[in-house]
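The block underneath contains the structure these notes are about, expressed in structure tokens.
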Amino acid sequence: MEFGSDYSMTIGGESVATSKTLPVVNPATGEPFANCPDAGAEELDRAVAAAQQAFAPWRQTPVAERKALLVKAGKAIEANADELAALFTREQGRPLALAKQEVLGAAIWFKVTAKLDIPVDITEDTPERRVEVHHDPLGVVCGIVPWNFPVLLASWKIAPALLTGNTLVLKPSPFTPLCTLKIGELLREVFPAGVLNVISGGDALGPMMTSHPGFSKITFTGSTATGKRVMESASKDLKRVTLELGGNDAAIVMPDVDVDAVAQQLFFGAFYNTAQVCVATKRLYIHEDIYDALRDRLHAIAQKDKVGDGADPANMFGPVQNEPQYRRVLKMIDEARALDLKLLEGGPVPERGYFIPLTLVDNPPEDARVVAEEAFGPVLPLLRFSDVDEVVAKANNTPYGLAGAVWSADVDKAVEIAKRLDTGTVWINQNLQSTPMTPLAGHKHSGLGVENGVAGLLEFTQPKAIFIPKVTPEVA
Ligand code: NAD
């Protein structure tokens with residue numbers, strides 16, 4: 001495709017512009033560099049109507065054909081990965097190589113999700129009858145995505161919603177709308193008109209969508225506070241909801257690890273994407289026997305790894321994605337400083353743009369904000385522990401339950417600890433892993449429902465039991 005600098009919405013297979021637009025800022029400079037459409041009620045109605053019209057033929061389209069179109073969508077994204085990655089870096093801030101990884105990850109998600117089958121469950125099969133449970137699509141789905149993984153998380157909504165026979169209206173974050181709009185444009189060539197609609201807008205658009213009566217379901221990824229609002233709004237007409245929300249993940253590092261071997265991976269698991277990852281390590285519990293050695297090693301990495309404009313390949317870490325988040329993280333660091341907590345700062349960062357040095361906090365108290373709350377930015381508390389029961393209790397002492405990690409040379413022992421963590425995912429000696437085949441589920445305030453895997457597909461369906469007699473009843 002011609003990768004021009006116009007950004008339009010995709011409604012009913014057509015390019016749609018709005019009279020009002022919103023500026024999109026490059027977080028590495030703090031300056032706007034493009035505009036995106038600012039949709040209102042009229043465009044939303046139009047998108048919902050297009051998706052409603054497309055629903056009946058799409059649900060009748062054989063599932064094999066729907067899957068083939070998902071694979072085609074994956075290939076279209078892959079073929080445009082370089083252009084999308086460059087745009088991604090400009091709007092989101094992440095260094096180019098890692099931006100491209102996300103774009104290619106989304107392509108993979110389309111292709112691998114296409115391999116999942118919608119099950120038909122047989123709950124009874126006797127000489128008298130057979131009972132089949134089919135999984136029907138719900139109708140028009142509303143997809144809402146945050147700014148930290150705008151492309152990958154869009155694929156987590158599009159692929160399963162469409163595979164299961166639903167149609168979709170997708171909204172990116174106003175901070176990162178451009179790649180999603182471009183993907184909508186690309187996929188106009190792939191899906192029938194109205195099956196995938198992409199609209200963008202400001203703060204008013206999300207609530208307008210969640211209260212729109214034309215949607216049967218909302219699939220939402222974002223903060224816990226917004227997730228609660230989404231659920232409240234959805235309750236008015238019993239829309240189905242899947243909520244993937246915030247986390248305050250703990251990683252537990254046992255004394256038998258090789259400190260030098262694990263330090264870089266641990267660091268990356270906390271600071272990847274400038275620590276704006278729902279499943280990043282946000283509390284790092286280190287056994288007292290290796291605490292000082294690992295802390296010093298992590299601090300050395302923070303000082304060595306370069307932070308700056310993602311367009312420069314020398315930089316490993318980019319800016320915080322947007323100004324409100326930048327101010328929030330700075331405030332958390334200022335509060336830690338005011339409490340006389342010991343901060344270990346990384347290397348220098350550019351003055352222009354939303355840059356913050358990669359910062360470690362040396363063994364703060366459990367009730368410090370930097371421990372108790374999700375920072376969602378480059379500040380990581382290191383916490384000393386001595387006993388497994390104590391550290392499991394601390395790791396679980398949070399309203400969140402998204403993911404966690406255990407690091408140990410003794411994998412069996414690590415698995416035993418993993419079983420005691422109240423989270424939807426636990427990694428052993430690794431982090432930030434997810435696959436299209438594996439359900440991601442937030443426990444407690446980290447979410448409701450599941451994304452990915454067959455369980456994730458089923459969230460876009462409703463079960464329908466069909467009782468089929470094998471003995472023809474005698475009719476009088
Ligand atoms: P956010 O909740 O502010 O915004 C998310 C999306 O919701 C955006 O598109 C926004 O425009 C929209 N929105 C805002 N208010 C709305 C409302 N009242 N009704 C409907 N939509 C509304 O979140 P964010 O700051 O963009 O993202 C960061 C958060 O997302 C973090 O807490 C992070 O942990 C979480 N997150 C979770 C996952 C996961 O899979 N669990 C993945 C990525 C991010």
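Ligands are counted one by one from 1 in listed order, and the atoms in each one are counted from 1 as well.
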Quiz item: Under 4.0 angstrom from ligand 1, any heavy atom of Gly442?
Solution: no
Exercise. Please state whether Trp156 comes within less than 4.0 angstrom of ligand 1, counting heavy atoms only.
Key: no
Practice problem: Could you walk me through whether Tyr7 and Leu87 pass the side-chain contact (heavy atoms from CB on, under 4.5 Å) test, one step at a time? | Solution: CA-CA 12 Å; Tyr7 301 97; Leu87 182 59; 3.3 Å; yes
Self-check item: Sub-4.0 Å heavy-atom contact, Gly447 with ligand 1
Solution: no
Exercise. Please write down residue, atom name and distance for the protein heavy atom closest to atom 21 (N) of ligand 1.
Key: Gly206 CA, 3.5 Å
Quiz item: Looking at atom 34 (O) of ligand 1, what's its closest protein heavy atom, distance included?
Solution: Glu374 OE2, 2.6 Å
Quiz item: Would you say the side chain of Leu84 lies within less than 4.5 Å of the side chain of Val151, judging by non-hydrogen atoms?
Solution: no
Quiz prompt | Asn148: numbered ligand 1 atoms lying under 4.0 Å from its heavy atoms | solution = 43 (C), 44 (C)
Practice problem: Kindly indicate, with the supporting measurements, whether the criterion side-chain contact (heavy atoms from CB on, under 4.5 Å) is fulfilled by Phe110 and Leu163. | Solution: CA-CA 10 Å; Phe110 274 96; Leu163 189 154; over 6 Å; no
Self-check item: Minimum-distance protein heavy atom relative to atom 22 (C) of ligand 1
Solution: Thr226 CG2, 3.5 Å
Self-check item: Which of the ligand 1 atoms, numbered from 1, are nearer than 4.0 Å to a heavy atom of Gly246
Solution: 32 (O), 34 (O)
Quiz item: Looking at ligand 1, does any of its N/O atoms fall within less than 3.5 Å of an N/O of Leu153?
Solution: no
Practice problem: Give the numbers and elements of all ligand 1 atoms closer than 4.0 Å to a heavy atom of Val145. | Solution: 6 (C), 8 (C), 9 (O)
Quiz item: N/O to N/O below 3.5 Å, does that happen between Phe376 and ligand 1?
Solution: no
Self-check item: Where ligand 1 meets Pro207 - atom numbers and elements under 4.0 angstrom, heavy-atom basis
Solution: 17 (C), 18 (N), 19 (N), 20 (C)
Quiz item: Should you measure from each heavy atom of Ile144, which atoms of ligand 1 turn up under 4.0 Å away?
Solution: 6 (C), 7 (O), 9 (O), 12 (C), 20 (C), 21 (N)
Quiz item: To which of Phe175, Phe220, Trp147 does the heavy atom nearest atom 7 (O) of ligand 1 belong?
Solution: Phe220
Quiz prompt | Closest approach of any protein heavy atom to atom 40 (O) of ligand 1, naming residue and atom | solution = Glu244 CB, 3.3 Å
Exercise. Considering heavy atoms of the protein only, find what lies nearest to atom 23 (O) of ligand 1 and give residue, atom and distance to 0.1 Å.
Key: Ser223 N, 3.4 Å
Quiz item: When you measure from atom 11 (O) of ligand 1 to every protein heavy atom, which one gives the shortest distance, and what is it?
Solution: Lys171 NZ, 2.8 Å
Practice problem: Would you indicate whether the side-chain heavy atoms of Glu451 and Thr219 approach each other to under 4.5 Å? | Solution: yes
Quiz item: Aromatic rings Phe267 and Phe317: how do their planes relate, parallel, tilted or perpendicular, breaks at 30° and 60°?
Solution: perpendicular
Quiz item: Is the closest side-chain heavy-atom distance between Leu380 and Leu360 below 4.5 Å?
Solution: yes
Quiz item: Side chains of Val195 and Leu69: does their closest heavy-atom pair fall under 4.5 Å?
Solution: no
Quiz item: In terms of residue, atom name and distance, what is the protein heavy atom nearest to atom 27 (O) of ligand 1?
Solution: Pro146 CB, 3.3 Å
Exercise. Verify whether one side chain among Thr242 and Lys217 offers a donor that lies under 3.5 Å from an acceptor in the other.
Key: yes
Practice problem: Could you grab the distance from atom CG of Asn148 to atom CZ of Phe376, nearest 0.5 Å is fine? | Solution: 4.0 Å
Quiz item: Which of the atoms of ligand 1 are close to Pro174, meaning less than 4.0 Å from one of its heavy atoms?
Solution: 11 (O)
Quiz prompt | Val371 side chain reached by Lys394 side chain, heavy atoms, under 4.5 Å | solution = no
Exercise. Please state whether Thr224 comes within less than 4.0 angstrom of ligand 1, counting heavy atoms only.
Key: no
Quiz item: What distance do Gln265 atom CD and Thr281 atom OG1 have between them, rounded to the nearest 0.5 Å?
Solution: 11.0 Å
Self-check item: Atoms in ligand 1 flagged as close to Ser173, the criterion being non-hydrogen separation under 4.0 Å
Solution: 9 (O)
Quiz item: Below 4.5 Å, heavy atoms only, C-beta onward: do Cys179 and Glu91 meet side chain to side chain?
Solution: yes
Quiz item: Have Arg94 and Asn273 got a donor and an acceptor in their side chains that come within less than 3.5 Å?
Solution: yes
Quiz item: Considering all protein heavy atoms, does one lie under 4.0 Å from atom 4 (O) of ligand 1?
Solution: no
Quiz item: Among all protein non-hydrogen atoms, which one is nearest to atom 39 (C) of ligand 1, and what is the separation to 0.1 Å?
Solution: Cys278 SG, 3.3 Å
Self-check item: Ligand-residue contact atoms, ligand 1 with Leu402, heavy atoms, under 4.0 Å
Solution: 41 (N)
Quiz prompt | Closest heavy-atom pair and its distance - Ala263, Leu294 | solution = CB-CD1, 3.9 Å
